[in-house]
Undergrad: 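If you scroll down you'll find the structure; I have some questions about it.
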Amino acid sequence: MSKLLLVTSSLFGDQSKSSQLAGEFVQAWHRSHPGTTVVERALTAESIPHLSLGALGALMTPAEQRSTEQHATVAFADRLIEELEAADTIVLAVPMYNFSIPSTLKAWIDHVARAGRTFRYTAAGPEGLLKGKKVFVITGRGGVYTGDSPAKVFDFQEPYLRSVLGFLGLTDVSFVHVEGLKVSPEAAEQGVARARDAIAAHARASAA
Ligand SMILES: Cc1cc2nc3c(=O)[nH]c(=O)nc-3n(C[C@H](O)[C@H](O)[C@H](O)COP(=O)(O)O)c2cc1C
């Protein structure tokens, strides 16, 4: 049975456009892949701490020498990694904050990028270990950064995510951008409609 991991990261919960459209994506995926199990990881400042010196120290301490607190710290990061490893399909709902990703998503990345587990260094260079998975990133953006938009150069969201996901071995990555959400009500409507078309096209292609 296939497994889908949905990671949401907006501050706005149910009102988030990236989360709403990612939800629609998951429903469409379910229709074309019945029986898929969905696990959701909602990232908030309360649910995911920044990587700390203490957390790094816990990881570097041999398991049999860890304190109870260190065991809990490592178990939390292990759980996040296990969710990724178990998934065949990963859907990331990502608002654009200050031209990049939310700090909670960065904290998640800091926890799951672990040498020897999700990537390793070899004589030929780094090798990502999360292979053979499909990733769909549904972004929410106030402005427009695609096509011939002059704001394109400010998009540090898609290039960063492509790089870091690729570093972990996740190279089959498709983006659906929900853009223009703060430009005007009409632009927002258009942005959502375009994203819905893109989601339907992905659902058709994946079912074929
Ligand atoms: C803290 C913060 C920073 C933002 N920075 C940007 C930005 O740099 N560029 C942009 O186009 N929109 C920016 N926005 C607008 C959001 O991208 C937009 O509201 C979008 O809907 C967020 O996705 P969501 O609806 O899933 O939360 C920002 C919003 C917030 C709250």
Side-chain angles (χ1 to χ4, degrees), residues 4-31 36 38-52 80 83-84 87 89-112 133-166 168 170 173-203 206:
L4 183 151
L5 173 65
L6 169 64
V7 180
T8 58
S9 58
S10 172
L11 288 170
F12 294 100
D14 292 349
Q15 298 305 308
S16 152
K17 286 293 174 209
S18 62
S19 301
Q20 286 172 4
L21 273 289
E24 290 182 23
F25 183 98
V26 172
Q27 279 172 16
W29 190 264
H30 233 289
R31 284 194 291 275
T36 300
V38 178
V39 170
E40 181 170 354
R41 173 64 66 174
L43 306 178
T44 63
E46 292 74 38
S47 72
I48 187 143
H50 279 141
L51 189 62
S52 64
L80 298 179
E83 286 174 358
L84 262 179
T89 309
I90 299 156
V91 179
L92 303 178
V94 187
M96 178 182 273
Y97 289 164
N98 299 310
F99 308 112
S100 183
I101 64 171
S103 57
T104 48
L105 182 61
K106 178 60 167 59
W108 179 80
I109 290 168
D110 289 341
H111 286 292
V112 300
K133 302 174 192 297
K134 273 188 179 305
V135 183
F136 297 92
V137 183
I138 319 294
T139 71
R141 299 162 158 201
V144 176
Y145 300 83
T146 54
D148 54 8
S149 167
K152 211 170 190 165
V153 291
F154 292 103
D155 177 8
F156 295 94
Q157 189 188 36
E158 177 169 339
Y160 169 67
L161 285 173
R162 278 198 188 281
S163 300
V164 74
L165 294 171
L168 300 179
L170 299 166
V173 183
S174 305
F175 279 78
V176 173
H177 296 296
V178 193
E179 295 195 296
L181 293 170
K182 297 290 179 203
V183 172
S184 67
E186 297 73 29
E189 221 169 278
Q190 250 183 37
V192 169
R194 278 206 197 100
R196 286 204 170 113
D197 288 347
I199 287 170
H202 279 301
S206 72

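As the structure lists them, so they are numbered: ligands from 1, and atoms in each ligand from 1. Remember, it's a predicted structure, so these values are computed and weren't measured experimentally.
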Undergrad: Return yes if a side-chain donor-acceptor contact under 3.5 Å exists between Thr139 and His177, otherwise no.
TA: yes
Undergrad: According to side-chain contact (heavy atoms from CB on, under 4.5 Å), who are the partners of Gln20, at least two apart in sequence or on a separate chain?
TA: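 Per chain and number, Gln20 pairs via side-chain contact (heavy atoms from CB on, under 4.5 Å) with Lys17.
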Undergrad: Only counting residues at least two apart or in another chain, list the ones meeting side-chain contact (heavy atoms from CB on, under 4.5 Å) with Asp155.
TA: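 Applying side-chain contact (heavy atoms from CB on, under 4.5 Å) to Asp155 gives Met96, Arg141, Tyr145, Gln157, Glu158, Pro159.
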Undergrad: Just by modelled atom types, is the Thr44 backbone N or O under 3.5 Å from a matching donor or acceptor in the Ser47 side chain?
TA: yes
Undergrad: Go through the structure and list residues passing ring-ring contact (aromatic ring centres under 6.0 Å, His included) with Phe154, not counting sequence neighbours.
TA: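 With sequence neighbours excluded, Phe154 shows a ring-ring contact (aromatic ring centres under 6.0 Å, His included) to Phe99, given in chain and number order.
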Undergrad: Show me a pair-per-line table, with atom names and distances to 0.1 Å, of protein N or O atoms that are under 3.5 Å from an N or O of ligand 1.
TA:
{"from": "ligand 1", "atom 1": "5 (N)", "to": "Asn98", "atom 2": "N", "distance (Å)": "2.8"}
{"from": "ligand 1", "atom 1": "8 (O)", "to": "Asn98", "atom 2": "N", "distance (Å)": "3.1"}
{"from": "ligand 1", "atom 1": "8 (O)", "to": "Phe99", "atom 2": "N", "distance (Å)": "2.8"}
{"from": "ligand 1", "atom 1": "9 (N)", "to": "Tyr145", "atom 2": "OH", "distance (Å)": "2.8"}
{"from": "ligand 1", "atom 1": "11 (O)", "to": "Gly142", "atom 2": "N", "distance (Å)": "3.2"}
{"from": "ligand 1", "atom 1": "11 (O)", "to": "Gly143", "atom 2": "N", "distance (Å)": "2.8"}
{"from": "ligand 1", "atom 1": "11 (O)", "to": "Tyr145", "atom 2": "OH", "distance (Å)": "2.7"}
{"from": "ligand 1", "atom 1": "12 (N)", "to": "Gly142", "atom 2": "N", "distance (Å)": "3.1"}
{"from": "ligand 1", "atom 1": "14 (N)", "to": "Met96", "atom 2": "O", "distance (Å)": "3.4"}
{"from": "ligand 1", "atom 1": "17 (O)", "to": "Met96", "atom 2": "O", "distance (Å)": "2.8"}
{"from": "ligand 1", "atom 1": "17 (O)", "to": "Gly140", "atom 2": "O", "distance (Å)": "3.4"}
{"from": "ligand 1", "atom 1": "17 (O)", "to": "Gly142", "atom 2": "N", "distance (Å)": "3.3"}
{"from": "ligand 1", "atom 1": "25 (O)", "to": "Lys17", "atom 2": "N", "distance (Å)": "2.8"}
{"from": "ligand 1", "atom 1": "26 (O)", "to": "Ser16", "atom 2": "OG", "distance (Å)": "2.6"}
{"from": "ligand 1", "atom 1": "26 (O)", "to": "Lys17", "atom 2": "N", "distance (Å)": "3.4"}
{"from": "ligand 1", "atom 1": "26 (O)", "to": "Ser18", "atom 2": "N", "distance (Å)": "2.9"}
{"from": "ligand 1", "atom 1": "26 (O)", "to": "Ser18", "atom 2": "OG", "distance (Å)": "2.6"}
{"from": "ligand 1", "atom 1": "27 (O)", "to": "Ser10", "atom 2": "OG", "distance (Å)": "2.6"}

Undergrad: Classify the ring geometry between Phe25 and Phe136 as parallel (under 30°), tilted (30 to 60°) or perpendicular (over 60°).
TA: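 Phe25 and Phe136: tilted rings.
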